[in-house]
Peer 1: 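Got a structure for you, written out below as structure tokens; questions coming shortly.
Side-chain atoms are counted along with the backbone in the values below, which use heavy atoms only and exclude waters and symmetry mates.
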Amino acid sequence: MVPDFKLTHPSRHNVVSLIAAGALLIAASPVIAGPQTYLLDLPGGNRIGYKMEIEVTHSGRLEIDAQWTGGRILSFKLESPMQTASVLRRSGPSPQRFGMEVDPSMLGGGPWTLRVNSLSGRVDGEGRLTLQLPEPAPPPQPRKVARPPTPPPEPTEPWKLPIRAPAGLSGPRLKVVETTETFRAGLIEAERKGEIDNCRWQADLMRYLAEARDQAIRGAGTPANVTSELFRSITAAVDLVEELRNSENRLFVGPPPRDPQQRQIWLRERKDWLRRVERELDEILENVRRERIPELAHQTWPTRLASCVVASERHFEERGRLGVDRAAHRALAEVQWPHIRRAADALEALAPPR
């Protein structure tokens, strides 16, 4: 049973530590609006379950900003007392920033509830969760007769603009251009549909790929060996997860055997195969976090991409065991996986053959 911790009326700008074992409850004067910040303790080897009651007294924008360490996936559920179901759900790796518009009809029924949950992680972690509650509406301002001129539209980021491979470009350099353009086109289409990159890696990777693409067109050198090796590892990990996603193997499709002995064999064989995938993913995250790739020292997309692959792998694994409706991270995997596949193709094109 995962413990729930109830925190009522935190004071404005108060910082509160929520402990997963040995409950610590701090209460202060009521808060009706503004930021509230909590420190989250995420001990390794333990499931996490937090419950926070929030006083929401004004309509407007409610924002939730959460960042944490440890690499685990957190799930957030926001509930209004005026609703019969959750108002907002979100899950994914760090960081997560999301929110919603609070309608006046949602107010007046009592405190709202924010639940934060996760499965047990391998290592200890800690995080910070900030709630920005709606503020009272400002008083109306006198109407101004003169209006400022309409500002010019913001220029389109260069990476959003399509390019064509120069005439005569062929071989590996042409493949870099083609795979990068395929990835770029997918991002533009996702933007048109209003899809959100919850893992926040796609635009940063596209900027990196656009620069690498331009260097390839100019005939510049390939990435360093250690960088190319990371790209190959990411590609190999994505291929393994894709194999899991499309597998018709009895280990990943359908429920486990009912016979106890056959079930034990099934679980052991399944665990052995999944350990191979997890080793690849763990090695990628370890190399990036320890800054063993000098060329990527200031890049954030490798860790976020790898974390997104981890979440997708867990979804596809649970989908075969529990069914698609009960598998974790369904929305994230369904939106992110096509982009992950195209990203792997582009990174593979950048890494020269061994």
Side-chain angles (χ1 to χ4, degrees), residues 42 44 65-74 92-97 121-128 157-160 172-173 175-177 179-181 183-184 187 197-241 277-313 336 339-354:
L42 308 173
D65 189 354
Q67 301 182 45
W68 62 94
T69 62
R72 71 176 68 193
I73 303 297
L74 295 188
S94 178
Q96 292 290 324
R97 182 175 177 83
R122 296 188 180 93
V123 298
D124 292 342
E126 59 183 18
R128 181 182 296 270
E157 291 191 69
W159 66 262
K160 292 185 177 182
R173 291 194 296 160
K175 187 177 181 181
V176 168
V177 175
T179 54
T180 297
E181 280 301 290
F183 180 69
R184 184 200 62 78
L187 299 192
D197 175 18
N198 293 332
C199 298
R200 299 172 62 185
W201 60 273
Q202 297 172 8
D204 288 342
L205 173 57
M206 185 60 227
R207 294 185 184 95
Y208 177 85
L209 291 176
E211 182 177 347
R213 173 201 62 198
D214 296 343
Q215 291 179 352
I217 291 175
R218 295 193 300 267
T222 57
N225 289 338
V226 66
T227 307
S228 296
E229 190 60 36
L230 176 71
F231 293 166
R232 295 188 196 100
S233 296
I234 292 175
T235 301
V238 172
D239 287 343
L240 286 173
V241 178
V277 181
E278 292 170 356
R279 278 199 302 264
E280 288 280 353
L281 297 173
D282 288 343
E283 183 177 351
I284 291 169
L285 287 170
E286 184 72 9
N287 286 335
V288 175
R289 286 172 179 162
R290 293 187 178 276
E291 298 184 354
R292 295 170 177 169
I293 320 295
E295 286 185 332
L296 304 178
H298 302 293
Q299 299 285 338
T300 60
W301 62 262
T303 301
R304 293 175 178 176
L305 169 59
S307 297
C308 202
V309 176
V310 170
S312 300
E313 182 268 336
Q336 294 276 341
H339 300 294
I340 291 173
R341 287 292 306 154
R342 290 189 285 265
D345 291 340
L347 293 175
E348 183 181 29
L350 284 178
R354 288 188 180 91

Peer 1: To the nearest 0.5 angstrom, please state how far the CG atom of Leu230 sits from the CG atom of Leu350.
Peer 2: 11.5 Å
Peer 1: What heavy-atom pair brings Asp282 and Arg122 nearest, and what distance separates the two atoms?
Peer 2: OD1-NH1, 3.5 Å
Peer 1: With the side chain counted from C-beta on, respond yes when Arg304 and Asp204 share a heavy-atom pair under 4.5 Å apart, and no when they do not.
Peer 2: yes
Peer 1: Which heavy-atom pair separates Ala349 from Val176 by the least distance, and what is that distance?
Peer 2: O-CG2, 3.5 Å
Peer 1: Which pair of non-hydrogen atoms, one from Ser307 and one from Pro93, has the smallest distance, and what is that distance?
Peer 2: CB-CB, 3.6 Å
Peer 1: In terms of ring plane angle, is the pair Tyr208 and Phe231 parallel, tilted or perpendicular, where the classes change at 30° and 60°?
Peer 2: perpendicular
Peer 1: Of the non-hydrogen atoms in Val226 and Pro294, which two are nearest, and what is the gap between them?
Peer 2: CG1-CD, 4.1 Å
Peer 1: Out of curiosity, Gln67 CD to Thr69 OG1, how far, rounded to the nearest 0.5 Å?
Peer 2: 11.0 Å
Peer 1: Distance from Cys199 atom SG to Leu305 atom CG, nearest 0.5 Å?
Peer 2: 8.5 Å
Peer 1: How close do Ala344 and Thr235 get, heavy atom to heavy atom, and via which atoms?
Peer 2: O-OG1, 3.4 Å
Peer 1: In Å, rounded to the nearest 0.5 Å, how long is the span from CD of Gln336 to OG of Ser312?
Peer 2: 7.0 Å
Peer 1: Does any part of the side chain of Leu347, heavy atoms only, come nearer than 4.5 Å to the side chain of Leu205, both counted from C-beta?
Peer 2: yes
Peer 1: Does the side chain of Arg342 reach to within under 4.5 Å of the side chain of Thr180, using non-hydrogen atoms?
Peer 2: no
Peer 1: Rounded at 0.5 Å granularity, tell me how far CZ in Arg184 sits from CD in Gln202.
Peer 2: 14.0 Å
Peer 1: Is the count of non-hydrogen atoms from other residues, nucleotides or ligands lying under 6.0 Å from Glu126 atom CD greater than 12?
Peer 2: no
Peer 1: State, with a plain yes or no, whether a side-chain heavy atom of Trp301 is found less than 4.5 Å away from one of Arg207.
Peer 2: no
Peer 1: So Gln96 and Trp68, side chain to side chain contact (heavy atoms under 4.5 Å, CB included) or not? Walk me through it.
Peer 2: CA-CA 9 Å; Gln96 292 290 324; Trp68 62 94; 3.7 Å; yes
Peer 1: Other residues, nucleotides and ligands only: do more than 12 of their heavy atoms fall within 6.0 Å of CG on Asp124?
Peer 2: yes
Peer 1: Test Arg72 against every option in Val123, Val310, Leu42 by the side-chain contact (heavy atoms from CB on, under 4.5 Å) rule and name the one that passes.
Peer 2: Leu42
Peer 1: Which pair of heavy atoms, one from Thr179 and one from Ala346, lies closest together, and at what distance?
Peer 2: OG1-CA, 3.5 Å
Peer 1: Would you check, one step at a time, whether the test salt bridge (Lys or Arg N to Asp or Glu O under 4.0 Å) holds for Arg200 with Asp197?
Peer 2: CA-CA 5 Å; Arg200 299 172 62 185; Asp197 175 18; over 6 Å; no
Peer 1: Give, for atom CG of Leu187 and atom CE of Met206, the distance between the pair rounded to the nearest 0.5 Å.
Peer 2: 7.0 Å
